[in-house]
Amino acid sequence: MSPVTLREVTSENLRAILELSVAEHQLQAYPRSNAYSIAEAHYPPDNDPVWLRAIYAGETPVGFIMTSEAPDQGEYFLWRLMIDQRFQNRGYGRRAVQLLIERIRRSSNPRVLITSYLKVDGNSGSFYERMGFKYSRDLTSTDEVEMKFTF
């Protein structure tokens with residue numbers, strides 16, 4: 001497997017990141033495009049800083065990852081994780097989350113990494129469980145399940 005890295009989204013790689021997408025049958029579980037996510041990162045619903053990166057395998061962009069962060073409280077939220085349909089099931093998503101966890105672990109106050117997934121995609125839950133996340137709660141206002149990784 002090519003080494004996985006997390007790189008800044010720049011004017012040089014933006015087009016390639018915007019062209020990445022999940023498969024048609026995955027859109028119900030992953031409705032937001034990378035373009036939407038990048039726009040949302042610049043206009044977040046709260047004041048927490050947003051960190052976004054392109055996921056690369058070697059020199060090939062294969063996905064996108066984005067967090068909302070409250071480092072003073074030690075809270076990080078994995079807001080988006082997507083691997084392009086052509087590159088799924090190769091371990092790139094797992095390695096990207098490992099790199100994210102390593103990055104947070106090096107911060108001054110790592111407490112918890114939270115994520116959620118839509119119930120229509122049960123595979124996400126088992127993926128996150130294998131990564132060390134624990135079920136936290138159902139989010140009653142939506143069809144989402146919340147999971148937490150505690151440092």
Side-chain angles (χ1 to χ4, degrees), residues 4-24 26-57 60-85 87-88 92-125 127-151:
V4 175
T5 55
L6 305 179
R7 302 184 190 177
E8 281 189 64
V9 176
T10 66
S11 59
E12 287 80 32
N13 66 7
L14 177 62
R15 183 174 300 279
I17 302 310
L18 295 178
E19 291 173 356
L20 300 175
S21 67
V22 296
E24 187 75 29
Q26 296 173 309
L27 290 175
Q28 186 178 4
Y30 304 98
R32 304 284 192 249
S33 68
N34 289 345
Y36 182 95
S37 296
I38 291 168
E40 196 171 28
H42 288 87
Y43 303 99
D46 55 31
N47 290 328
D48 292 339
V50 175
W51 184 82
L52 56 133
R53 292 294 186 266
I55 302 169
Y56 274 75
T60 304
V62 299
F64 178 79
I65 192 167
M66 183 167 86
T67 61
S68 175
E69 305 185 346
D72 292 346
Q73 290 84 35
E75 295 181 356
Y76 299 80
F77 186 83
L78 176 53
W79 202 358
R80 300 279 194 282
L81 172 65
M82 77 79 59
I83 301 296
D84 182 87
Q85 59 189 326
F87 302 105
Q88 293 178 7
Y92 299 141
R94 180 179 64 249
R95 185 64 184 132
V97 173
Q98 288 171 340
L99 290 169
L100 174 64
I101 289 170
E102 290 170 13
R103 174 186 165 266
I104 294 169
R105 197 179 302 277
R106 289 190 305 268
S107 71
S108 63
N109 185 27
R111 286 191 34 240
V112 65
L113 173 59
I114 303 164
T115 195
S116 65
Y117 65 92
L118 294 173
K119 291 179 184 177
V120 296
D121 181 23
N123 291 336
S124 288
F127 167 81
Y128 287 118
E129 281 181 328
R130 289 190 305 274
M131 297 298 306
F133 286 76
K134 304 289 185 223
Y135 170 81
S136 175
R137 64 188 171 120
D138 287 345
L139 300 174
T140 56
S141 63
T142 64
D143 287 334
E144 286 182 271
V145 175
E146 182 183 87
M147 297 185 81
K148 292 183 178 182
F149 180 96
T150 304
F151 290 89

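- Listed here is the closest heavy atom pair of F64 and S37: CE2-CB, 3.6 Å.
- Other residues, nucleotides and ligands contribute over 12 non-hydrogen atoms within 6.0 Å of the CD atom of E102.
- Within the 3.5 Å criterion, the main-chain N or O of S21 finds a donor-acceptor partner in the side chain of D84.
- Atom CD1 of I114 and atom OG1 of T67 lie 12.0 Å apart (nearest 0.5 Å).
- Nearest heavy-atom pair across A96 and V4 is N-CG1, 4.3 Å.
- Taking all atoms of both residues into account, the shortest heavy-atom contact from A54 to I17 is CB-CD1, 3.3 Å.
- Contact record, W79 with P45: CH2-CD, 3.6 Å, taken as the closest heavy-atom pair.
- The CZ atom of R95 sits 8.5 Å away from the CG atom of L6 when rounded to the nearest 0.5 Å.
- Residues E75 and K148 are not paired through a salt bridge, judged by the lack of any N-O separation under 4.0 Å between the basic side chain and the carboxylate.
- One side chain, T10 or E12, offers a donor N or O that lies under 3.5 Å from an acceptor on the other.
- Interatomic distance, W51 CH2 to M66 CE, rounded to the nearest 0.5 Å: 12.0 Å.
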- May I have the step-by-step check of side chain to side chain contact (heavy atoms under 4.5 Å, CB included) for I38 and L14, ending in yes or no? CA-CA 10 Å; I38 291 168; L14 177 62; 3.8 Å; yes

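- With I55 as the partner, the side-chain contact (heavy atoms from CB on, under 4.5 Å) test is satisfied by one option alone out of L100, V97, V62, L99: V62.
- In this structure, L18 CG and S33 OG are separated by 8.0 Å, a value rounded to the nearest 0.5 Å.
- Applying the salt bridge (Lys or Arg N to Asp or Glu O under 4.0 Å) test to pairs two or more places apart or on separate chains, those with a residue in residues 32-51 are E40-R80.
- Using modelled atom types, no side-chain atom of S68 and backbone atom of F77 make a donor-acceptor pair closer than 3.5 Å.
- Other residues, nucleotides and ligands contribute only 12 or fewer heavy atoms inside 6.0 Å of the CZ atom of R94.
- No donor-acceptor pair closer than 3.5 Å links the side chain of R105 to the backbone N or O of F151.
- Closest of all the heavy-atom pairs between P44 and A41 is CD-O, 3.5 Å.
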* Take F133 and L113, measure what side chain to side chain contact (heavy atoms under 4.5 Å, CB included) needs, and give me the verdict at the end. => CA-CA 8 Å; F133 286 76; L113 173 59; 3.6 Å; yes

Q: Start with the C-alpha distance between L20 and M82, add both sets of side-chain angles, then the distance that settles side chain to side chain contact (heavy atoms under 4.5 Å, CB included), and finish with yes or no.
A: CA-CA 9 Å; L20 300 175; M82 77 79 59; 4.1 Å; yes

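- Under a 3.5 Å cut-off, the side chain of E69 and the backbone N or O of P49 do not form any donor-acceptor pair.
- When all heavy atoms of Y76 and P71 are compared, the closest pair comes out as OH-CB, 3.5 Å.
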**Prompt:** How far apart are the C-alpha atoms of Y128 and L81, what are their side-chain angles, what is the distance that settles it, and do they pass the side chain to side chain contact (heavy atoms under 4.5 Å, CB included) test?
**Reply:** CA-CA 11 Å; Y128 287 118; L81 172 65; 3.7 Å; yes

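- Using a 4.5 Å heavy-atom cutoff, the side chains of E129 and M147 are in contact.
- Distance alone, capped at 3.5 Å, is enough to place a donor-acceptor pair between the N13 side chain and the E8 backbone.
- Between N109 and D72, every side-chain heavy-atom pair lies at or beyond the 4.5 Å cut-off.
- A heavy-atom distance below 4.5 Å is not found between the side chains of V22 and Q85.
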